[in-house]
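Scroll down for the structure; my scribbles are underneath it.
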Amino acid sequence: MAPRYAPSLRSRLPPLAIVLQVAFIVLFAFFVETEDFKEENEKEFINSYANFQDVHVMVFLGFGFMATFLVRYGFSSVGFSMLVAAMAVQWATLLNGFLLISSSSWKIRMKIQSLVDAELCASSALVAMGAVHGKTNPVQLLLMSLMAVTGFVVNQWLIHTLFKTLASFMSLHVFGALFGVMTSWVLYRRENTPKHQKEKFNSKSGLFAMFGTLFLWMFWPSFNSALVKYKIIAYGTYLALAVSTVTAMAVSALSSPKGKINMVHVQGSILAAGVATGAAVTTVPWMDMTIGFCAALLSTLGFRYLKDHMLHAFECHDTCGVLNVHAIPGMLGYFAYLLIRLVRVDDGTVAIRLAMHHISILLITVSMSLVSGIITGLLLKWSFWRPQQDRKCFDDQAFWEFPHLSVHK
Amino acid sequence: MAPRYAPSLRSRLPPLAIVLQVAFIVLFAFFVETEDFKEENEKEFINSYANFQDVHVMVFLGFGFMATFLVRYGFSSVGFSMLVAAMAVQWATLLNGFLLISSSSWKIRMKIQSLVDAELCASSALVAMGAVHGKTNPVQLLLMSLMAVTGFVVNQWLIHTLFKTLASFMSLHVFGALFGVMTSWVLYRRENTPKHQKEKFNSKSGLFAMFGTLFLWMFWPSFNSALVKYKIIAYGTYLALAVSTVTAMAVSALSSPKGKINMVHVQGSILAAGVATGAAVTTVPWMDMTIGFCAALLSTLGFRYLKDHMLHAFECHDTCGVLNVHAIPGMLGYFAYLLIRLVRVDDGTVAIRLAMHHISILLITVSMSLVSGIITGLLLKWSFWRPQQDRKCFDDQAFWEFPHLSVHK
Amino acid sequence: MAPRYAPSLRSRLPPLAIVLQVAFIVLFAFFVETEDFKEENEKEFINSYANFQDVHVMVFLGFGFMATFLVRYGFSSVGFSMLVAAMAVQWATLLNGFLLISSSSWKIRMKIQSLVDAELCASSALVAMGAVHGKTNPVQLLLMSLMAVTGFVVNQWLIHTLFKTLASFMSLHVFGALFGVMTSWVLYRRENTPKHQKEKFNSKSGLFAMFGTLFLWMFWPSFNSALVKYKIIAYGTYLALAVSTVTAMAVSALSSPKGKINMVHVQGSILAAGVATGAAVTTVPWMDMTIGFCAALLSTLGFRYLKDHMLHAFECHDTCGVLNVHAIPGMLGYFAYLLIRLVRVDDGTVAIRLAMHHISILLITVSMSLVSGIITGLLLKWSFWRPQQDRKCFDDQAFWEFPHLSVHK
């Protein structure tokens with residue numbers, strides 16, 4: 001099976017991964033130190049550790065297993081997500097430390113929040129990966145994730161430098177999704193047809209995907225409260241997620257000719273409320289619920305109608321539908337955020353300035369994601385990372401050994 | 001595949017779900033507000049958030065996946081449990097606020113405990129659902145869960161009004177189980193034979209069910225400590241669960257003609273100790289362990305002998321055996337609770353009054369569950385919710401699309 | 001299937017399990033009491049409960065599901081791990097209380113740390129079980145786990161008595177792995193060939209194993225911080241686990257003739273960093289990362305080359321490769337720990353004494369594990385626990401009923 005493909009993976013992935021890994025260890029040796037072992041640091045650590053764990057589970061288990069709905073690509077989804085996330089968190093810890101944390105010394109001091117920030121960067125890269133899942137080899141995924149983390153952190157740094165505001169969840173989701181979709185578009189224009197022959201899913205792989213989805217769904221309130229001061233904000237996310245579950249199932253059944261619920265659509269769309277409320281940051285439950293309702297509606301309809309349209313009209317294939325799950329609900333939530341703030345402003349000039357400010361941030365994020373997505377796509381097209389044989393990508397057998405014990409030889 | 005069934009689902013589920021969902025959002029807009037964003041609320045929130053998360057995982061992941069042992073109904077178990085739970089927590093938040101929380105204003109103020117309470121109500125509805133799993137369509141499940149939550153909260157309110165005592169886990173388990181069994185009995189008398197043809201399970205679906213069961217099992221100490229002041233009570237539940245695991249496997253092998261352990265029996269019975277100790281609320285480890293031993297013994301024997309007897313003698317089919325997992329251990333635990341308190345009383349009159357008090361609570365709960373279960377069963381029999389085609393219910397294919405990508409059209 | 005086997009299981013497992021279980025309950029009734037229900041105990045409980053939960057999930061879910069990669073033995077891996085762990089924690093609570101906790105009264109006072117300690121003992125028994133998975137019946141597993149816990153606690157007591165030092169993770173991993181390998185060696189010399197016919201795995205069972213592995217991997221920082229005062233030590237474990245993920249995948253692809261990654265090797269080797277850093281207890285991130293790199297390298301190469309060599313040269317079959325995952329990385333970490341301490345010492349005599357001290361501890365642990373492993377192997381060979389029919393062990397069908405509903409009879 002795929003014997004001609006294998007050699008190129010062997011000669012590319014191990015050298016690249018080992019060289020990068022050793023380089024990261026050296027960089028950590030020079031630039032990173034932990035907090036002192038003191039009571040007060042310990043206390044802060046324990047208080048934030050549960051929140052960190054929830055995000056940790058989402059990044060490493062949730063995103064990986066969510067993509068297992070592809071029958072022949074289940075194991076690769078999980079395995080490569082883990083590889084990519086493990087690299088991304090190391091790279092994000094370094095980049096965040098260099099660019100975003102102002103410190104008197106040139107050393108990066110690791111705190112529990114550094115790990116949470118690094119995992120959020122990694123989750124942006126995993127969102128991007130959702131668009132190219134099953135069409136790329138692990139070497140490409142590794143490069144892509146490092147590019148995504150770099151682009152995302154540079155975007156955060158740019159916004160912070162220009163507007164003196166902190167990171168928000170809008171940029172995480174919108175950047176990740178558009179970056180991934182652009183990369184997929186550049187990589188696979190005019191060649192996607194033969195690749196999809198093996199993209200099918202069944203009830204068994206659906207259960208694994210449901211596991212991943214549920215872990216994302218259950219811990220999303222923790223995710224959305226990872227960057228804000230008041231964790232009570234989780235109430236709204238929790239209720240919005242409940243609303244979007246009901247809405248996504250209802251809309252999926254309504255828009256199906258046979259009246260059946262589409263498992264894959266629902267698994268994506270029940271998360272849309274989490275994305276939208278993370279960007280909206282309201283403090284009123286019913287507003288979050290309304291935003292969740294709209295997000296699930298848009299997302300489910302996007303899966304039904306937009307995903308195919310994107311493929312046929314723009315030759316852009318988005319495996320996990322990240323455009324519907326992350327980009328559109330992220331923007332929806334951001335506009336809701338802006339609207340809520342505009343309503344409270346009496347003065348017209350102030351309102352216009354406020355709107356300009358937020359729309360500029362959105363435009364910068366969108367531009368950055370498009371540009372870095374296109375660059376990454378072009379880079380990954382380079383045949384060095386992409387031998388002819390990688391047409392068989394939708395298949396675990398191309399990358400993984402499932403051997404019998406050697407006694408049978 | 002069930003083409004004649006589908007139209008009725010499409011014309012029933014989406015309108016009902018969307019109307020209910022919009023109504024809930026409107027009710028939340030008028031009646032629910034969150035806590036103020038203050039340091040002290042924040043502190044309480046963080047302290048209780050981990051406990052809430054454990055219950056959250058049990059309700060949304062545990063109960064859903066526990067029922068995946070049915071080979072052809074795995075995906076529906078998880079999907080519909082999620083739909084039902086998402087509705088039930090919203091409805092329970094509102095009902096609890098209206099009936100049980102006395103407040104000076106007419107607004108319901110959402111706290112972290114409100115969410116825990118709502119999830120406990122939802123778990124009672126999910127217990128009830130266990131009895132009809134695989135024999136009902138999602139429209140019926142939705143209605144049934146709202147009825148179960150209503151009945152349960154009214155029961156809590158009745159007990160609170162009459163006896164000035166707070167809710168206990170006995171009522172959660174006994175109400176849920178008897179409600180479900182009665183609904184199943186009313187719905188399926190004289191027609192259950194053809195439905196069971198597809199109720200089979202194998203080792204693969206058993207692993208998914210084991211996942212759900214394990215999450216319930218691991219977090220049950222958190223569940224039982226959700227309503228008590230001293231969380232240290234979790235020690236007893238923890239030990240009792242360990243005892244019941246050993247006991248359930250031993251008794252299952254002993255009562256099998258072939259000496260094999262029945263996977264489904266064990267998955268139910270290892271949880272019986274959690275139910276019983278939750279109702280017993282002892283503070284002494286060996287008592288909890290003894291109660292756990294008895295609960296697992298009764299539950300496993302119930303699965304072996306009672307479940308079939310119920311089916312043949314009373315034409316009552318209980319898919320997940322909730323009678324053995326929840327009702328019987330719940331009552332066992334409650335009698336242990338009463339016994340422990342009676343032993344400490346010297347005065348005969350006081351003892352009789354105490355016994356009367358607790359037995360009244362049990363009788364009210366049993367009556368309420370029977371009455372509301374019968375009403376719900378009759379309601380669900382109404383053909384509007386129940387087209388002729390729903391005989392094929394034991395099948396994921398009737399409700400879910402598992403499509404290939406549209407490029408293949 | 002296996003009808004001649006079953007009777008012996010029925011006549012052995014239930015009596016043994018029930019007698020042991022009742023004996024444990026009686027011992028708990030006489031010797032164990034919980035903490036008083038006071039505010040301060042409650043506070044300590046809540047602070048440590050999350051840490052306990054992480055270890056709890058690892059022991060009951062992680063170790064069990066990690067071994068599900070065996071296609072025909074998936075359900076038994078999970079089921080028997082749970083049975084064994086449930087017994088082991090009870091026995092460990094008693095033994096730890098009798099041998100290790102000095103108390104003024106003869107009662108064992110249960111604290112949250114008692115449960116964590118008991119779970120760590122159980123995890124040592126589960127590591128040992130990894131070497132004999134799929135080749136033993138549940139009666140043997142039950143006896144083996146009680147022997148492993150006894151041996152481990154006696155070893156801890158010996159080290160504590162002789163050297164006045166507390167338990168470390170080195171002894172947990174090294175003891176468990178060598179104990180298991182010795183038991184497997186004694187039990188199966190000259191008879192392993194026919195047993196392996198059914199030891200195969202596929203992509204589907206691989207996903208279940210990945211679940212278990214991920215839960216171990218994600219919560220290993222909590223595991224390693226379970227015994228130390230400063231939980232901040234988790235930073236290093238977290239980074240080391242990320243490094244070992246990248247390294248294990250790269251080395252597995254590099255050492256494969258086809259350039260593919262071996263799923264089972266990687267699932268073991270990504271955990272090697274956790275074992276090694278747990279034994280090394282450094283406080284500097286880059287040191288942990290370097291140790292993680294070396295541990296994953298050794299572990300993956302061990303899976304590729306050592307495992308078969310052990311089988312052919314020594315007739316020793318190690319199902320889950322615990323030698324590569326636990327024993328070798330554990331020793332590596334312990335030597336790193338010693339080296340870091342030696343570098344800081346100026347005086348030659350002090351250095352030699354320090355080295356002698358630590359090497360003695362290692363030698364005692366190794367000797368204890370070998371001796372108790374051999375004794376256990378000889379005990380389990382006794383035909384009373386081991387009827388002729390247990391050759392079919394690699395099969396869930398031998399132990400578990402997967403019945404249809406009784407209506408079909």
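Bear in mind the structure is a predicted one, so any value in this text is a computation, not a measurement. The sequence lines fix the lettering, A, B, ..., with proteins before strands; numbering per chain opens at 1.
- Counting only heavy atoms from C-beta outward, the side chains of B:Asn262 and C:Trp400 never approach each other to under 4.5 Å.
- Residue B:Ile232 holds its CD1 atom at 9.0 Å from CD of C:Glu44, rounded to the nearest 0.5 Å.
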task: Tell me, with the steps shown, if C:Phe75 and B:Phe211 meet ring pair (Phe, Tyr, Trp, His ring centres under 6.0 Å).
output: CA-CA 11 Å; C:Phe75 202 79; B:Phe211 242 106; over 10 Å; no
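- Within the model, atoms OG of B:Ser48 and CD1 of C:Ile46 stand 7.5 Å from one another, a figure rounded to the nearest 0.5 Å.
- Interface residue B:Ile270: only side-chain heavy atoms are found under 4.5 Å from chain C.
- Looking only at side-chain heavy atoms (C-beta outward), B:Thr247 and C:Ile18 stay at 4.5 Å or farther from each other.
- At a 4.5 Å heavy-atom cutoff, the contact between C:Ala29 and chain B is made by backbone and side-chain atoms alike.
- Between C:Phe24 and B:Val246, the closest side-chain pair of non-hydrogen atoms is not below 4.5 Å.
- Side chain to side chain, C:Tyr49 and B:Ser222 meet the donor-acceptor criterion of an N or O pair below 3.5 Å.
- For the atom pair CE of B:Met210 and OG1 of C:Thr68, the computed distance is 11.5 Å after rounding to the nearest 0.5 Å.
- For B:Tyr230 (side chain) and C:Asn41 (main-chain N/O), no donor-acceptor pair under 3.5 Å exists by modelled atom type.
- Here the straight-line distance linking atom CG of B:Leu239 with atom CG of C:Leu115 works out to 6.5 Å at 0.5 Å rounding.
- For the atom pair CE (B:Met249) and CE (C:Met87), the distance works out to 11.0 Å, reported to the nearest 0.5 Å.
- The side-chain heavy atoms of B:Val243 and C:Ile25, taken from C-beta on, include a pair separated by under 4.5 Å.
- Between the side chain of C:Glu42 and the main chain of B:Lys231, a donor-acceptor pair closer than 3.5 Å is present.
- The two residues B:Trp286 and C:Phe28 make their nearest non-hydrogen contact at CB-C, 4.1 Å.
- For a residue to count as touching a neighbouring chain, one of its non-hydrogen atoms must lie under 4.5 Å from one of that chain's; by this rule C:Phe30 does not touch chain B.
- If you measure heavy-atom distances from B:Ala50 to chain C, you find no contacts under 4.5 Å at all.
- Checking side-chain atoms of C:Arg10 against main-chain N and O of B:Ser256 turns up a donor-acceptor pair under 3.5 Å.
- For the pair B:Leu207 and C:Gly74, the tightest heavy-atom approach, listed with the atom from each and the gap, is CD2-O, 3.9 Å.
- Of all heavy-atom pairs between B:Thr283 and C:Thr34, the closest is O-OG1, 3.4 Å.
- For chain C, no part of B:Val284 is nearby; none of its heavy atoms comes within less than 4.5 Å.
- Counting all heavy atoms, side chain and backbone alike, C:Gln53 lies closest to B:Met218 at OE1-O, 3.7 Å.
- Neither the backbone nor the side chain of C:Leu20 comes within contact range of chain B; no heavy atom of the residue lies under 4.5 Å from a heavy atom of that chain.
- For a residue to count as touching a neighbouring chain, one of its non-hydrogen atoms must lie under 4.5 Å from one of that chain's; by this rule C:Val57 touches chain B with backbone and side chain alike.
- Contacts of C:Val84 with chain B are absent, with no heavy-atom separation under 4.5 Å from either backbone or side chain.
- The heavy-atom pair separating B:Ala250 from C:Ala17 by the smallest distance is CB-CB, 3.9 Å.
- Heavy atoms closer than 4.5 Å to chain C are found in the side chain of B:Leu214, but not in its backbone.
- Both the backbone and the side chain of C:Leu83 come within contact range of chain B, each with at least one heavy atom under 4.5 Å from a heavy atom of that chain.
- Between B:Tyr235 and C:Phe45, the two ring planes are perpendicular [angle over 60°; tilted spans 30° to 60°].
- Contacts between C:Thr93 and chain B at a heavy-atom distance below 4.5 Å are absent for every atom of the residue.
- Neither the backbone nor the side chain of B:Asn51 comes within contact range of chain C; no heavy atoms are under 4.5 Å apart.
- Ring pair C:Phe52/B:Tyr238 is perpendicular by interplanar angle, where above 60° counts as perpendicular and below 30° as parallel.
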